Number of protein chains: 2
Amino acid sequence: MSTPQPLLILTPDDLLAERWQALSASPIRAVDLGGLATWRKAGHRLAVIDLGGYPPPAPAPWTQDAWRNNAADLAILATSSRPDDEEGLAVLNAGACGYCHSHAPIETLRQALDVVASGELWVGRALLSRLLRLVDSRLPRAGLTEWAHPLTDREREVAHHAALGESNIAIADALGITERTVKAHLKAVFEKLQVTDRLQLALRVHGVR
Amino acid sequence: MSTPQPLLILTPDDLLAERWQALSASPIRAVDLGGLATWRKAGHRLAVIDLGGYPPPAPAPWTQDAWRNNAADLAILATSSRPDDEEGLAVLNAGACGYCHSHAPIETLRQALDVVASGELWVGRALLSRLLRLVDSRLPRAGLTEWAHPLTDREREVAHHAALGESNIAIADALGITERTVKAHLKAVFEKLQVTDRLQLALRVHGVR
DNA sequence: ACGCAACCTGTCCTTGTGGACAATAGCGAC
DNA sequence: GTCGCTATTGTCCACAAGGACAGGTTGCGT
């Protein structure tokens with residue numbers, strides 16, 4: 001079975017394009033990034049893009065305006081004929097929803113497409129395990145829980161709840177204390193973490209920026 | 001269609017087990033990690049494990065011998081009723097092939113199972129985007145913008161500013177409009193994204209939970 | 001015994017936020 | 001030309017949040 005959604009196939013490589021026809025019941029072919037805009041305006045959102053088909057001197061596709069302006073609304077599966085971890089990170093950070101080998105088995109591609117079509121991200125085993133290793137070794141837990149260090153146990157609990165968007169009353173009920181007490185703890189948390197409100201706290205806790 | 005492969009369902013939660021029956025044509029239920037060894041010895045390799053069903057005082061499942069001795073040969077999809085980035089990293093590093101919400105839609109679970117069954121890894125959008133951020137901290141705002149879909153251009157701008165913790169006045173100044181207008185846009189954003197306030201918006205935008 | 005830190009609670013007050021009513025103007029589609 | 005969407009701005013109001021004063025009780029180390 002192939003994806004029922006219309007699919008934009010973007011590659012200058014005719015052989016690749018032919019192979020990928022099988023991925024969707026209604027595939028459309030384009031050869032340059034300009035096709036992205038019209039695809040989005042037509043109300044579609046699924047696209048598979050071959051990154052490896054362009055000569056090296058050309059700027060990386062994901063840095064071009066045509067990509068940046070449309071990646072937000074599209075579910076893009078980027079592929080490369082010579083996958084590279086750095087490239088993978090770059091395209092994913094640029095808004096792609098998946099990254100895999102251009103000549104991966106058609107079944108694998110289909111699965112990857114299903115995943116990105118459903119709104120999730122698809123990252124190959126190699127890149128993903130490298131990500132895990134990087135996070136596990138280079139920051140063995142530093143960046144993730146660094147915020148909790150200066151806090152007391154209770155403050156940590158309150159901060160965690162607040163960072164998930166719960167109201168003071170909700171937190172109070174959850175912890176079996178008064179709203180006033182929650183406020184007291186939060187005041188201490190804001191002070192210690194040098195933030196002004198619960199939204200900044202949430203950003204800090206969840207490692208944004 | 002459900003996975004043709006036999007599936008080991010490992011949870012003390014009866015309701016969960018019943019829900020998960022639909023994931024495989026031949027599911028087998030077990031309630032503790034001891035089931036992993038016999039499952040592997042029987043030549044099977046697919047298992048879904050609920051991490052959240054055990055009381056907190058118990059040692060984490062992935063630290064127990066039954067897990068460590070069998071994870072290498074099995075394709076394990078770990079689930080939690082309260083997913084947590086720390087926990088996710090821990091189980092993936094312990095050899096699990098996937099991590100997602102215990103009560104995720106059955107289609108999502110099925111997809112995750114398909115992916116791990118095929119030898120790949122499955123990591124949810126929230127955790128994965130955070131991994132990407134951690135590894136490549138220099139990304140300014142890229143990526144993961146599925147949330148922007150139903151929004152107009154202006155709403156997107158306002159939402160983006162709000163998700164970074166800016167006040168309505170600050171957003172108004174930044175965009176050269178009135179605070180009232182910012183409110184109007186935000187009202188539409190909240191409506192379209194089905195959130196109640198700017199903190200929930202921030203969590204959505206930054207891929208938390 | 002004393003200090004101190006963690007934890008808990010109380011009352012005011014100011015401000016930001018979000019919702020409930022509005023209205024006006026532009027611009028593309030039918 | 002009308003319909004609908006977008007962008008813009010207005011006022012009024014209820015409420016949560018956070019700061020500014022308070023206070024209180026534990027328990028632990030010196």
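Residue numbers start from 1 in every chain, and the chains themselves are labelled A, B, ... in the order their sequence lines are given, proteins ahead of strands. Keep in mind that this is a model prediction, so the values were computed, not measured.
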Atom pairs and distances, side-chain donor-acceptor, residues 162-169 of chain B, under 3.5 Å, sequence neighbours left out:
| from | atom 1 | to | atom 2 | distance (Å) |
| --- | --- | --- | --- | --- |
| B:S167 | OG | B:A170 | N | 3.2 |
| B:N168 | OD1 | B:R198 | NH1 | 3.0 |
| B:N168 | OD1 | B:R198 | NH2 | 3.1 |

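A:S102 pairs by the side-chain hydrogen bond (donor to acceptor under 3.5 Å, both in side chains) definition with A:D50, A:T79, not counting sequence neighbours. Scanning for ring pair (Phe, Tyr, Trp, His ring centres under 6.0 Å) contacts around A:H161 gives an empty result, with sequence neighbours left out. Applying the side-chain hydrogen bond (donor to acceptor under 3.5 Å, both in side chains) rule to A:T196 yields no partners; only residues at least two apart in sequence or on another chain are considered. A search for salt bridge (Lys or Arg N to Asp or Glu O under 4.0 Å) contacts involving A:R29 returns A:D14, not counting sequence neighbours. A:E120 meets the salt bridge (Lys or Arg N to Asp or Glu O under 4.0 Å) test with B:R125; sequence neighbours excluded.
Counting only distance, with no hydrogens or angles, the side chain of B:E157 and the backbone of B:R154 share no donor-acceptor pair below 3.5 Å. A donor-acceptor pair under 3.5 Å is absent between the side-chain atoms of B:Q21 and the main chain of B:E18, judged by distance alone. The closest donor-acceptor contact from the side chain of B:H160 to the backbone of B:R156 lies at 3.5 Å or more, if one exists at all. The backbone N or O of A:H103 sits less than 3.5 Å from a side-chain atom of A:H101, completing a donor-acceptor pair.
Atom CG in B:L193 sits about 16 Å away from atom C1' in C:dG18, given to the nearest Å. Note: CZ (A:R198) to C1' (C:dT17) measures 13 Å, nearest angstrom.
In terms of position along DNA chain C, the nucleotide closest to A:D153 lies nearer the 5' end than the nucleotide closest to the other residue of the pair A:D153 and B:S167.
Salt-bridge check for B:R110 with B:E107: failed, with every basic side-chain N at 4.0 Å or more from each acidic carboxylate O.
Against DNA chain D, the stretch residues 180-189 of chain B makes heavy-atom approaches under 4.0 Å through B:R180, B:T181, B:A184, B:H185. The stretch residues 168-179 of chain A touches DNA chain C through A:I177, A:T178, each having a heavy atom within less than 4.0 Å of the strand.
Counting only residues at least two apart or on different chains, no salt bridge (Lys or Arg N to Asp or Glu O under 4.0 Å) pair has a member in residues 172-191 of chain A.
End-to-end axis angle for the helix from C:dA1-D:dT30 to C:dC30-D:dG1, using five pairs per end and rounding to 10°, comes out at 40°.
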A correct 5'-to-3' footprint of nucleotides 23-30 of chain C, with B, S and - meaning base, sugar-phosphate only and no protein heavy atom under 4.0 Å, is --------
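Screening A:I171, A:V158, A:L175 against A:H185 for a side chain to side chain contact (heavy atoms under 4.5 Å, CB included) leaves a single residue, A:V158.
Summarising the geometry of B:A112 relative to B:L77, their closest heavy-atom pair is CB-CD2, 4.0 Å, with the distance given to 0.1 Å. Residue B:L151 comes nearest to B:A159 through the heavy atom pair CD1-CB, 4.2 Å, listed as atom of the first residue, atom of the second, then distance.
Counting 5' to 3', DNA chain D first comes under 4.0 angstrom of a heavy atom of chain A and last does so at the ends given by D:dA17 to D:dC21.
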